[in-house]
Amino acid sequence: MTPAELADTIVAAVRAAVANGDLEVAVPDSVTVERPRQPEHGDYASPVALQLAKAARRRPREVAELLAARLRAEAGVAEVEVAGPGFLNIRLAGAALGGIARRIVRDGESYGRAAVSQGVRVNLEFVSANPTGPVTLASARWAAVGDALSRVFAAAGYEVGTEYYVNDAGVQVERFGASVLAALRGQPAPADGYQGAYVAEIAAKVLAANPALEQLLAASGGEQDGGAEQDKALAVCARDGVELMLAEIRATLSGFGVEYDLWKSERSLHEAGELTAAIDELRTQGHVYEADGAVWLRTTDFGDDKDRALIKRDGQPTYFCADAAYYRDKRRRGFDRLCYLLGADHHGYIGRLKAISACFGDDPDHNLDVLIGQMVTLSRGGVAVKMSKRAGNFLTLHDLVDAVGVDAARYSLVRASMDSALDLDLDAIARQTNDNPVFYVQYAHARISSLIRNAAALGLATSADPAFDVDGVDVSLLTHPREVDLLGALGELPRVVASAAELRAPHRIARYLEELAGTYHRFYDSCRVLPQGDEEPTAITAARLLLAEATRTVLANGLRLLGVSAPERM
RNA sequence: GCCCCUGUAGCUCAGUGGAUAGAGCGACCGCCUCCUAAGCGGUAGGCCGCAGGUCCGAUUCCUGCCAGGGGCACCA
């Protein structure tokens, strides 16, 4: 019996008590079932009686006793105790608890899915860094978190679409082009341009792809001639520079295990007339006005602290206008809920995006989800490392992966709550010792894999065997405290997935896996699985082997949600 | 000035109103003739920033204050 099934059982007990006239209270949709820290508080505990007592106008312990009597009649329930102010402490029948292991091995990769958000179409946009430089470490956090979140969403039953918004229009692109051009000429970057070795590398690639550029450069001569040849060269540098930079970003993210469903070009929105269409629609909704030669959206109607310009006085659309067009575009593509993963430096966007949503007639509380993650800072041996993209001194995602590998990089970025600023100590990460919890979790998986290999070598049946009979294993033998702990931990995955999705907190998966790995290691330490020496395998051997296999499945499923590999050997 | 995030063990951080607040690292003491010691057990270490409030019950929710970080463009 899983905790979810137990919760349903308790709800049913409440319903029965109400139907019988024993209790006068509205039957709750769901009840709290938790795993107590104290083993003497049972396998599971529920404060449901405390929660219902007031509404029922009864004493909590009275309500508890009433429900306990009904629960004791349930097949999977061995024992129910009313404790303290009115907690229900529930002990499951051995077979019911052990059934979790069976369920997991039977479900395999699909164990842990929680169909709590079935059918909701959610769009998740993350990273979306300007294509004017490599993926920085700050963006790396959103790559790891965003990708994990998309996997968690999918596991929770959402229909997910992931997107990267490419800012390939506007001033920064021109500045990047100018920087590339300067590099080609061997000149320093313009004052408002981009520096760093990568600019020269991109410049070389631009030249290689455009041999004709050589002549343009020669013809345009000096730096300030401003002629047609110069404009042509600049255009090529901007266009191809951004394209090549974007290709590099895609390759880096792909190497990091992050694949997007859509790379949406801002320029394509402009070219398709989406900005104009968005303004028209906003005008129809009655939120557009003109003042000082500019066109404005009255976002203050919906809580923004000031109105935002859509069209500047010079006739050019603002970046905000493109944001609105993109919002509309996503909604028209059928997404119910638009999720934006942004850094804390963009927190001013919340009000704006909410206003955009509301101006289009949507409900921001329902259609919009702006997640603000705190910044990543770097230190080296405890000393802060200053980074500046403009100055060109920064550590990239690529550097990080080179230093510690994809698994350690992803894991260390995703195991912290988005709400906390994350400080990565490069020395500590580069050390690649067991300081990193990812090894602890992966090691548990490798250790079990080894165990199962050994079992197969002894001729024992494992789930890899097509004829393996899961139901033939006597799971009621799993009664050792460490076995019970492990079964309890394994049963939590679906709930952890559901809460990680609901709270948009993929780090919960990581923390859960660390706890599970510890629980397994303790089980392994106290419970011998395989026969030793001349011993014959027993029913307990089979039961423990099944428990180990279930654990491996949960570890693998959890690591997959984080985009981290589950090695069979370490 | 206004807005957002954070404040929990020496350090880095978990903890969506439940019972005696946890993990990793660091410190100290133990455990491999035995399935992977990248492991396990034990000890030490906490006014959960401060003060009120709501509640049967608050680290969790609300208000105020203190401290640290970030943000407040007709930039992108």
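Chain naming here is simple, since letters A, B, ... match the order of the sequence lines and numbering starts at 1 in each.
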Subject >> Closest to the Lys306(A) side chain, choosing from U20(B), G70(B), A73(B) >> reply: A73(B)
Subject >> Tyr443(A)-Tyr440(A) aromatic ring centre distance below 6.0 Å >> reply: no
Subject >> Gap in Å between the two P atoms, one belonging to A21(B) and one to A44(B), rounded >> reply: 15 Å
**OP:** Give a yes or no on whether the ring-centroid distance for His346(A) and Tyr340(A) is below 6.0 angstrom.
**Re:** no
**OP:** Classify every nucleotide of nucleotides 5-12 of chain B by which part a protein heavy atom approaches to under 4.0 Å, writing B for the base, S for the sugar-phosphate alone and - for neither, in 5'-to-3' order.
**Re:** SS------
**OP:** Please report, rounded to the nearest Å, how far the C1' atom of A23(B) is from the OH atom of Tyr512(A).
**Re:** 16 Å
Original post:
What distance, rounded to whole Å, do you find between the two P atoms, one in G69(B) and one in C31(B)?
Top reply: 47 Å
Original post:
Taking OP1 and OP2 of A19(B), is either one under 4.0 Å from a side-chain nitrogen or oxygen of Arg37(A)?
Top reply: yes
Subject >> Separation of atom CZ in Phe87(A) from atom P in G57(B), rounded to whole Å >> reply: 13 Å
Subject >> Length of the CZ-C1' vector between Arg482(A) and C40(B), whole Å >> reply: 11 Å
Original post:
Does OP1 or OP2 of U36(B) have a side-chain N or O of His445(A) closer than 4.0 Å?
Top reply: no
Subject >> P atoms of U20(B) and G10(B), separation to the nearest Å >> reply: 23 Å
**OP:** Return the stems involving RNA chain B, sorted by first number, where pairs are Watson-Crick (N1-N3 with N6-O4 or O6-N4) or G-U wobble (N1-O2 and O6-N3), both under 3.5 Å, and runs are 3 or more long.
**Re:** B:1-7 with B:66-72, B:10-13 with B:22-25, B:27-31 with B:39-43, B:49-53 with B:61-65
Subject >> Spacing of the C1' atoms in C25(B) and A14(B) (rounded, Å) >> reply: 14 Å
**OP:** Taking only the side-chain nitrogens and oxygens of Lys312(A), find out if one of them lies under 4.0 Å from OP1 or OP2 of C75(B).
**Re:** yes
Original post:
When rounded to the nearest Å, what value does the distance between C1' atoms of G18(B) and G39(B) take?
Top reply: 33 Å
Original post:
Is the ring of His346(A) stacked on the base of G71(B), with centres less than 5.5 Å apart and planes under 30° off?
Top reply: no
Original post:
Ala238(A) and Val173(A): which non-hydrogen atoms are nearest, and at how many Å?
Top reply: CB-O, 4.0 Å
Subject >> Nucleotide of C74(B), A37(B), C35(B) approaching Arg313(A) most closely (side-chain heavy atoms) >> reply: C74(B)
**OP:** May I ask you to check whether Phe126(A) and Trp142(A) place their ring centres under 6.0 Å from each other?
**Re:** no
**OP:** Taking only the side-chain heavy atoms of Val529(A) (C-beta and beyond), determine which of A73(B), C35(B), C34(B) contains the nearest atom.
**Re:** C35(B)
Original post:
Does Asn454(A) make a side-chain N or O approach to OP1 or OP2 of U36(B) shorter than 4.0 Å?
Top reply: yes
Original post:
Counting only N and O atoms by type, is there a donor-acceptor contact under 3.5 Å from the side chain of Thr318(A) to the main-chain atoms of Ala309(A)?
Top reply: yes
Subject >> Within residues 513-521 of chain A, residues whose heavy atoms come under 4.0 Å of RNA chain B >> reply: His521(A)
**OP:** Can you tell me, in whole Å, how much space there is between the P of C13(B) and that of U54(B)?
**Re:** 35 Å
Subject >> Pairwise P distance for G68(B) and C62(B), with rounding to whole Å >> reply: 23 Å
Original post:
Quick one: is Tyr440(A) getting a side-chain N or O under 4.0 Å of the C40(B) phosphate, OP1 or OP2?
Top reply: yes
**OP:** Indicate, yes or no, whether a donor-acceptor pair under 3.5 Å links the base of A19(B) to the side chain of Asn89(A).
**Re:** yes
Original post:
If you measure from the P atom in C48(B) to the same atom in A9(B), how many Å do you get, rounded?
Top reply: 9 Å
